[in-house]
Amino acid sequence: MLDYETLRIIWWLLVGVLLIGFAIMDGHDMGVGTLLPFTGRTDLERRVVINTVAPHWDGNQVWFITAGGALFAAWPLVYAAAFSGLYWALLAVLWALFLRPTGFDFRSKLENPRWRAGWDWGLFVGSAVPPLIFGVAFGNLLQGLPFHFDANLVPHYTGSFWQLLNPFALLAGVVSVAMITFHGANYLVFRTEGDIQHRARKAALLFGALLLASFALAGVWVAGGIGGYVITAGADPGGLSNPLAKEVVAERGAWLANYARHPWTMLVPAAAFAATLAGLWLAARRKGFAATVASSVAMTGVIGTAGVSMFPFVMPSSTSPNSSLTVWDATSSHLTLGIMFWAVVIFMPLIIFYTRWAYRVMAGKVTVAYIQQNARSVY
Amino acid sequence: MISEQLVDLSRLQFAATAMYHFLFVPLTLGMVWLLVIMESVYVMTGKVIYKDMTKFWGKLFGINFAMGVATGITLEFQFGTNWAYYSHYVGDIFGVPLAVEGLMAFFLESTFIGLFFFGWDRLSKVQHLMVTILLAVGSNLSALWILIANGWMQDPVGATFNYETMRMELADFWSVMFNPTAQAKFVHTVSAGYVTGSVFVLAISSWYLLKRRNVEFAKRSFRIAAAFGLASAASVIVLGDESGYTVTESQQTKLAAMEAVWETEPAPAGFTLFAIPNEREMRNDYAIHIPYVMGLIGTRSLSKEIPGIAEIKENNRHRVLSGIDAVVALEALRADPADAAARAALDRHLPDLGFGLLLKKYVADVREATPQMIDRAVADTIPRVTPMFWAFRLMVGLGFALFALFAAASYYTLKGGFEHRRWLLWWALLFLPVPWLAAELGWFVAEYGRQPWTIFGVLPTHLSVSSLEVGSLYGSLAGFVGFYTLLAVADVYLMTRFARQGPGSLGTGRYDRDPGGGGTMQPAPAQPVRE
C-alpha cells in the first residue's frame, strides 16, 4: 500500500479532480440553466436550451454528490466542520438544487405558460445560486473561517451567515458565477444554432471578460490584502490525524509562498488566464466545442489556483489558527484513504467511459425542429 | 452540555427528510425492474404495446425519480450539516459506502436514465434494453451501499476506536461490506421496493380496468405486476424474517422492545400476537401468546433464550459502570498520551466506552454521575416499547395483506377473467398507499429501535449533533417542510394527471384520451414567454 503521506497528497489531488469534474460537468448544466431565461425568448427556444443538457444533467449532478461523499470519506473533519459551520449557506445550496431535478422533469409536462415560466426561473435559481455560494465559500476559506475544535474534537463555529458576505468573498462569488456561466455559454454555442447560438455567443464574451477581470482583481487582492496562514510547528505528514497537534500563525502574503518556493506552480493561474483568453477567441468564432474545452481548462486553472495558494491548508481557522484543517491532519485513516483511492482508480475510468458514450449517442445540434417532432417525449 | 431541544429537533429533521425521501425510493427500486420486464417482452416479441407500456410507466417513473433525486441530495449532506460530531467520529468508516455509492451506483443510474428517456430513437432495441437494465442495476446498487452504511450503524463491525484521533477507524473493510445485518437489510428493503412498484402498476391498471379504458394495455400491465409482486411479497416476508434473525444477534434491545419481552422466558419463547404493553409496570396487559414461535423466528433453535428487557437492563447497568472507567481513562489519555495506566484502563473498558458516553447527557464529568443519573442512562438503553411493538405488528400485518393481494391477483390471472372481478380490482386500487405505509413503519422500527444510539453501542445520538443554535434548527426545519410540501403538491398533481390520462399521454394515437398530434406539435408562432 502507498504510504500515508503520499495518499494524503493524492487525496488532495483527487478532491481537486472531483471539484474540477463538478465544475466542468455539472458546471455546463448550471451555466445553461443560468442563461435559460436570457438565451431562450420563446417557449420553443427555451426547450431547445433545456434539451441541450436534458439527457445529461442528472449524471453530471452526481459529481456534486460524489464530491460530498468523497469529502466525508477522505476528509471527515472538513465535511463535519465546513458543512455544520456554513449551515445556512449549504442549506441554500440544497434548497436551490431541489429546483433542478423537478424543474427539468416537470416543466414541459404541462402546457400552462405560467407553470413553464415558473419552472424556468426555478431552473435559473437552481443553477445560479449554487456556483455563487461555492464561490463565496471559497472566498471565505482563503480568509479563514471562524471555527475551533474543543478537546474532544467537536467543531464549534462562531461566525454568522452574514459575515460570509464580505467584499472579497463576494468577488470570489463573481469569479465562480462568471466561469460557470462562461462555460455554459460556450456549451450552448456548441449545441445550438441560429438566434440562440447568437445570444449564447454574446453571453460567452460577456462572462469570459468578467471572469478575466474578476480573477485578476482577486489575484491582486490576495497579493495585497488577504492574510494567509503558515504552519510553524508540529505538522507531521505521515502522522495520525489530529488537527490540534500543530501550531499555525496568520501571516500576510503567505498564500503566495508556494509560488515563490515552486515557481512552476505559477503555470496554474497562468493557465486560467490563457485558457479564458483562448475561450473568448474561440467563442467569438463560434467554435463551440473548442471554447468549451478552453473554459474547462480555465476552470481547472481557477480552482487549482485556490488549491495551490492554500496548500497544505484546506480549511484555515481565523479565530483559532491551530484548529485549521490541513492535508496532513484532516484526513481519514491510512486504510480508508487506500481503499478509497482504489475505488476511484477502478470506477472513475468506467464513469468517464460511459458518460462519453452517452454524450456521443446524444451528439449533434439541438434544433427547434427536433423539439417539435418530439414534443411529448423531450423536456 | 448539549441542549435536548437541539438533539430532538435534529432527530426530527433527519427523520422527516429521510422518511420523505423514502416515499420515492421504493417506487424507483421496484418500478425500474417492471420497466426492464416490459421492455424485454417488447424486444423479444416485437409487440409495440410493450414499448408503449415501458414508455408510459416510464413517464410516471420519471416524475417519481426526479423527486427521489431532489430529496436524496439532502441526505448526502445532512450528516455534515446536522450531525457534525457523528461525521467526525465515524466518517472514517461510514463515509466509505457513501462515496462508493456515488462512484459505483449514482453515476450509473443517473447517466443511463438520460438515455432511457431520450435515447429511444438513437439506440437499437437491444442497446436501449441494456440501458434500462443498467439503470435498474444502478438504482439497486445504490440501495446496497446505503444499506451497508445503515447496517454498520446498527451493527458496527470491522472498526476500532483510536484515542489519538478521537474517532472510530476502519479495521476491516470486508466485514463492513459483508456485514450480515447490512445484507439482510438490503434484500428486505429492495424486495419491499419491488412490492411498492408492483402495487403501483397493479392499482393504476385496476383503475383503468374498472373504468374499462385501455383494457389490453391495463391487462398486460396487471399480469406483469401481479407475478412480479407475488415473488417480491414472498421475498419481503422470508427476508424480513432473516432481518429479524440478525437483529436477535446484534441488537437485543430492539428485539425485546418490538416484541415487548419484559422478562427472559424459558426457551423456546412464545410470540405475543396482541398485548397492551405497560411500560410503567414492565409487563403486558391482555396478552395473547402463541407458544414457541418467537424462539423459532428469533433464534432458529428450541433451546436458545431471548433475553428480556429486565435482564438486558441489568447487563447494561454493568456496562454503564464500566463505561465510566473507559471515559475517565480516555480523558486522562487525551490530556497525557503517555499515561500508561490510563491506556491499560481504556483497553480494558473499551467495549463499554459508548455506555459511559450515555451519561454525558446528564453530566459533563462522568465521575460525578449520581445513582439517579446512572439509572436514567440504563433506562435510556431501551427504546420505548409501545410504539415499537405496534409499528412492527402493523408492518408485518400489512406485509401479509399485500402478499394475499398478489396471491389473489396471480391466481385470477392464471385462471383468467381477473379483469371482470371488480372486488379484486377495487382491492388493488385501495391498497395503493399500503406499501408506503409498511415501508415507513419498517424504517421507524429500525431507526427508533436503535435509540439511544446513532452507532449502536458506540456513539449516543445525544453526542452526535452539530453544535448549532436551536433557532437555526427551527428555521431549517420550517424550510424543509415548506419546500417539500410545495414539491409534493407538484408531484402528486403530475402523477394523478398522467395516471388519469393514461397511455394516451404518449400521443401515439393508439389509446383513449389521446389529444392527437402523433407526438408532434404544430409549429407555434414565435411568441415571447409570459413571465
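It should be emphasised that the depicted structure is a prediction, and the values quoted were computed from it without experimental measurement.
- A:Asp43 has a carboxylate O that lies under 4.0 Å from a charged side-chain N of A:Arg107, or vice versa, which qualifies the two as a salt bridge.
- Within the 4.5 angstrom heavy-atom criterion, no atom of A:Tyr359 approaches chain B.
- Only the side chain of B:Val131 comes within less than 4.5 Å of a heavy atom in chain A; its backbone stays farther off.
- Across A:Met348, A:Met362, A:His334, the residue that shares the most heavy-atom pairs under 4.5 angstrom with chain B is A:Met362.
- Both the backbone and the side chain of B:Phe79 come within contact range of chain A, judged by heavy atoms closer than 4.5 Å.
- Neither the backbone nor the side chain of A:Glu45 comes within contact range of chain B; no heavy atom of the residue lies under 4.5 Å from a heavy atom of that chain.
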TODO: Evaluate the criterion side chain to side chain contact (heavy atoms under 4.5 Å, CB included) for residue pair A:Phe98 and B:Phe480; output intermediate values, then yes/no.
DONE: CA-CA 10 Å; A:Phe98 289 166; B:Phe480 276 112; 3.9 Å; yes
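- In this structure, B:Ile73 and A:Gln61 have side chains that are in contact, with non-hydrogen atoms separated by less than 4.5 Å.
- Across A:Leu244, A:Leu99, A:Val378, A:Ile351, the residue that shares the most heavy-atom pairs under 4.5 angstrom with chain B is A:Ile351.
- Without hydrogens or angle criteria, A:Trp95 side chain to B:Phe483 main chain gives no donor-acceptor distance under 3.5 Å.
- Atom CH2 of A:Trp357 has more than 12 neighbouring heavy atoms from other residues, nucleotides or ligands inside a 6.0 Å radius.
- Heavy-atom distances place no part of B:Leu330 under 4.5 Å from chain A, backbone and side chain included.
- Atom CG of B:Leu468 and atom CG of B:Leu9 lie 10.5 Å apart (nearest 0.5 Å).
- With a 4.5 angstrom heavy-atom cutoff, B:Glu169 touches chain A only via side-chain atoms.
- Less than 6.0 angstrom separates the ring centroid of A:Phe64 from the ring centroid of A:Phe134.
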TODO: Go through B:Trp145 and B:Met177 one step at a time and tell me if the side chain to side chain contact (heavy atoms under 4.5 Å, CB included) criterion holds.
DONE: CA-CA 8 Å; B:Trp145 285 101; B:Met177 194 170 148; 3.8 Å; yes
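- Residues B:Met168 and B:Tyr89 meet the side-chain proximity criterion, which asks for heavy atoms closer than 4.5 Å.
- In terms of non-hydrogen atom pairs under 4.5 Å with chain B, the most contact-rich of A:Ala54, A:Pro155, A:Ala70 is A:Ala54.
- The parts of B:Leu103 that come within reach of chain A are both its backbone and its side chain, each placing non-hydrogen atoms under 4.5 angstrom from that chain.
- Neither the backbone nor the side chain of A:Phe161 comes within contact range of chain B; no heavy atoms are under 4.5 Å apart.
- Counting heavy-atom pairs under 4.5 Å between each of A:Ala151, A:Ala245, A:Ser241 and chain B puts A:Ser241 at the top.
- Counting heavy-atom neighbours within 6.0 Å of B:Asp336 CG, excluding the residue itself, gives a total above 12.
- B:Leu494 touches chain A through its side chain: at least one heavy atom from C-beta onward sits under 4.5 Å away, while N, CA, C and O do not.
- Contact annotation for A:Trp119: only side-chain heavy atoms (C-beta onward) come within less than 4.5 Å of a heavy atom of chain B.
- Only the side chain of A:Phe347 has a heavy atom closer than 4.5 Å to any heavy atom of chain B.
- The contact between B:Gln127 and chain A is made entirely by side chain atoms (from C-beta outward), counting heavy-atom distances below 4.5 Å.
- Interface summary for chain B: among A:Trp88, A:Phe104, A:Tyr157, the most heavy-atom pairs under 4.5 angstrom belong to A:Trp88.
- Most heavy-atom pairs under 4.5 Å with chain B: of the set A:Ala67, A:Ala358, A:Ala74, A:Ser333, this distinction falls to A:Ser333.
- With chain A as partner, the option from B:Ala335, B:Gly91, B:Gly102 having the largest number of non-hydrogen pairs under 4.5 angstrom is B:Gly91.
- Looking at A:Leu91, only its side chain comes within 4.5 Å of chain B, counting heavy atoms on both sides.
- By the 30° and 60° cut-offs, the orientation of the rings of B:Phe61 relative to B:Phe65 is tilted.
- Only the side chain of A:Asn51 comes within less than 4.5 Å of a heavy atom in chain B; its backbone stays farther off.
- Inter-residue side-chain proximity for B:Phe116 and B:Thr54 is flagged as met; some heavy-atom pair is nearer than 4.5 Å.
- Heavy-atom distances place both the backbone and the side chain of A:Asn152 under 4.5 Å from chain B.
- The contact between A:Ala363 and chain B is made entirely by backbone atoms, counting heavy-atom distances below 4.5 Å.
- Residue A:Trp75 does not touch chain B at all, counting heavy-atom pairs closer than 4.5 Å.
- Proximity to chain B (any heavy atom under 4.5 Å) is shown, for A:Leu86, by neither the backbone nor the side chain.
- Neither the backbone nor the side chain of A:Val368 comes within contact range of chain B; no heavy atoms are under 4.5 Å apart.
- A:Phe72 has its ring centre no less than 6.0 Å from the ring centre of A:Phe83.
- Centroid-to-centroid, the aromatic rings of A:Phe124 and A:Phe38 come within less than 6.0 Å.
- To the nearest 0.5 Å, the span separating NE2 on A:His56 from CG on A:Asp58 amounts to 12.0 Å.
- Interface remark: A:Leu153 contributes backbone and side-chain atoms alike to the contact with chain B (heavy atom separation under 4.5 Å).
- Both the backbone and the side chain of B:Leu170 have a heavy atom closer than 4.5 Å to some heavy atom of chain A.
- Ring-centre distance between B:Phe107 and A:Tyr354: not below the 6.0 Å cut-off.
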